[in-house]
Asks: 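So that we are looking at the same thing, I have put the structure below in structure tokens.
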Amino acid sequence: LKPVRKTGENNQYRYADDDLFYRGIVFNSDGTTAFIHVYLATSPGTNYLWKFTLDTPYILPTATRVQTVTLSTNGGYLGSLRMSPDGTTFQMCTSSAILQVEFATGFDLTSTKTETVITSVCDPSTNSYTRMGVFNSDGTKYYAFPSTGTAIKVFDLSTAYDLSTGVTAGTDITSIS
């Protein structure tokens with residue numbers, strides 16, 4: 001894979017490969033580590049999670065890629081990257097589920113990895129999937145933004161930032177005043 005280069009237009013940085021698509025980015029709490037989910041659209045397509053260290057917090061042009069892990073493509077399209085504060089759990093929305101990736105050691109992509117496909121926050125009866133999701137500040141609620149409908153789906157979690165067990169449906173948000 002080719003290095004990041006400046007395109008010159010609006011000071012944007014992009015990967016030098018036209019078949020590479022960014023799907024999400026998250027930072028650790030002090031901005032010195034970034035994780036970027038990318039999709040390489042070759043046949044077959046491959047999803048990666050890249051870890052970068054940043055010389056200047058939150059400034060991507062100072063980043064150096066230090067680790068890479070290949071992700072499963074269960075459920076197809078992966079996007080909307082989320083991470084637990086301790087860096088052990090990442091979630092990506094797919095076209096039919098959420099891919100949850102857990103690492104044995106926080107912020108270390110070389111540690112033992114477990115991937116779980118989660119469908120409990122999707123509604124197959126309406127052909128609705130989670131286009132994007134966010135956690136509340138302590139990770140005990142998950143707000144799913146479905147591909148169809150107007151309600152934000154709310155889920156209560158028995159284990160913070162873990163969508164694989166103890167998920168119960170809360171009250172949907174149908175209007176915001």
Asks: Under 4.5 Å between any side-chain heavy atoms of Phe103 and Thr112, yes or no?
Replies: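 Side-chain contact under 4.5 Å: no.
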Asks: Quick one: are Ile173 and Lys153 in side-chain contact, heavy atoms under 4.5 Å?
Replies: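 The answer is no, as the side chains (C-beta and beyond) never meet within the 4.5 Å cut-off.
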Asks: Does Met92 form a side-chain contact (heavy atoms from CB on, under 4.5 Å) with Val101? I'd like the steps, not just the answer.
Replies: CA-CA 8 Å; Met92 285 139 280; Val101 183; 3.9 Å; yes
Asks: Ile118 vs Val167, test: side-chain contact (heavy atoms from CB on, under 4.5 Å). Steps then yes/no.
Replies: CA-CA 10 Å; Ile118 298 161; Val167 177; 5.9 Å; no
Asks: Is any side-chain heavy atom of Thr140 less than 4.5 Å from a side-chain heavy atom of Tyr161?
Replies: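 Side chain of Thr140 against side chain of Tyr161, heavy atoms only: no contact under 4.5 Å found.
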Asks: Do Tyr39 and Tyr22 come close enough that some side-chain heavy atom pair is under 4.5 Å?
Replies: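 The answer is no, as the side chains (C-beta and beyond) never meet within the 4.5 Å cut-off.
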Asks: Hey, could you give me the OG/CZ distance between Ser84 and Phe135, rounded to the nearest 0.5 Å?
Replies: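 The distance works out to 8.0 Å.
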Asks: Kindly assign one of parallel, tilted or perpendicular to the pair Phe155 and Tyr142, based on the angle between their ring planes and the thresholds 30° and 60°.
Replies: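 The arrangement is tilted - the two ring planes meet at 30° to 60°.
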Asks: Does Arg23 reach the side chain of Val38, with side-chain heavy atoms less than 4.5 Å apart?
Replies: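 They are not in side-chain contact.
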Asks: Does any part of the side chain of Leu49, heavy atoms only, come nearer than 4.5 Å to the side chain of Leu81, both counted from C-beta?
Replies: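 The answer is yes; the side chains approach within 4.5 Å.
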Asks: Quick check for you: to the nearest 0.5 Å, what is the distance between Leu54 atom CG and Thr33 atom OG1?
Replies: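 Between Leu54 CG and Thr33 OG1, I get 7.5 Å after rounding to 0.5 Å.
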Asks: Minimum heavy-atom separation for Lys113 and Thr70, please, with both atom names.
Replies: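 The answer is NZ-O, 2.7 Å.
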Asks: If hydrophobic clusters are built by linking Ile, Leu, Val, Met, Phe, Trp and Tyr wherever their side-chain heavy atoms come under 4.5 Å apart, do Trp50 and Val66 end up in the same one?
Replies: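 Each belongs to a different hydrophobic cluster.
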Asks: Which heavy-atom pair separates Thr62 from Thr56 by the least distance, and what is that distance?
Replies: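 In terms of heavy atoms, the two residues are closest at OG1-N, 3.1 Å.
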Asks: Once you round to the nearest 0.5 Å, how far does CZ of Phe107 lie from NZ of Lys51?
Replies: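 One finds 8.5 Å between CZ of Phe107 and NZ of Lys51.
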Asks: Which atom pair, heavy atoms only, marks the closest approach of Gln100 to Ser164?
Replies: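 So the two residues come closest at NE2-OG, 3.6 Å.
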Asks: Hey, could you give me the SG/CD distance between Cys93 and Gln91, rounded to the nearest 0.5 Å?
Replies: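 The CD atom of Gln91 is 9.0 Å from SG of Cys93, to the nearest 0.5 Å.
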Asks: Hey, are the side chains of Leu71 and Glu115 touching, using non-hydrogen atoms and a 4.5 Å cut-off?
Replies: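 Counting from C-beta outward, Leu71 and Glu115 do come under 4.5 Å.
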Asks: If we count only N and O atoms by modelled type, under 3.5 Å, do the side chains of Thr174 and Asp172 hold a donor and an acceptor together?
Replies: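 Short answer, no.
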Asks: I want to check something: taking the side chain as every heavy atom from C-beta on, are Gln67 and Phe35 in contact at a cut-off of under 4.5 Å?
Replies: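 No, their side chains stay 4.5 Å or more apart.
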Asks: CG of Asn47 to NE2 of His37: how many Å apart, nearest 0.5 Å?
Replies: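 Between atom CG of Asn47 and atom NE2 of His37 there are 3.5 Å.
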Asks: Can you name the nearest heavy-atom pair linking Met83 to Phe27, along with the distance?
Replies: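 What the structure gives for the nearest pair is CE-O, 3.3 Å.
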Asks: Please name the pair of heavy atoms, one in Ser111 and one in Ala104, separated by the smallest distance, quoted to 0.1 Å.
Replies: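 Taking Ser111 first and Ala104 second, the nearest heavy atoms are OG-N, 3.4 Å.
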Asks: Apply side-chain contact (heavy atoms from CB on, under 4.5 Å) to Val134 and Arg82, showing your working.
Replies: CA-CA 7 Å; Val134 295; Arg82 297 288 173 254; 3.5 Å; yes
Asks: Which pair of heavy atoms, one from Gly31 and one from Asn28, lies closest together, and at what distance?
Replies: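 Minimum heavy-atom contact is N-OD1, 3.0 Å.
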Asks: What distance separates Thr32 OG1 from Phe52 CZ, expressed to the nearest 0.5 Å?
Replies: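 Interatomic distance, Thr32 OG1 to Phe52 CZ, rounded to 0.5 Å: 14.0 Å.
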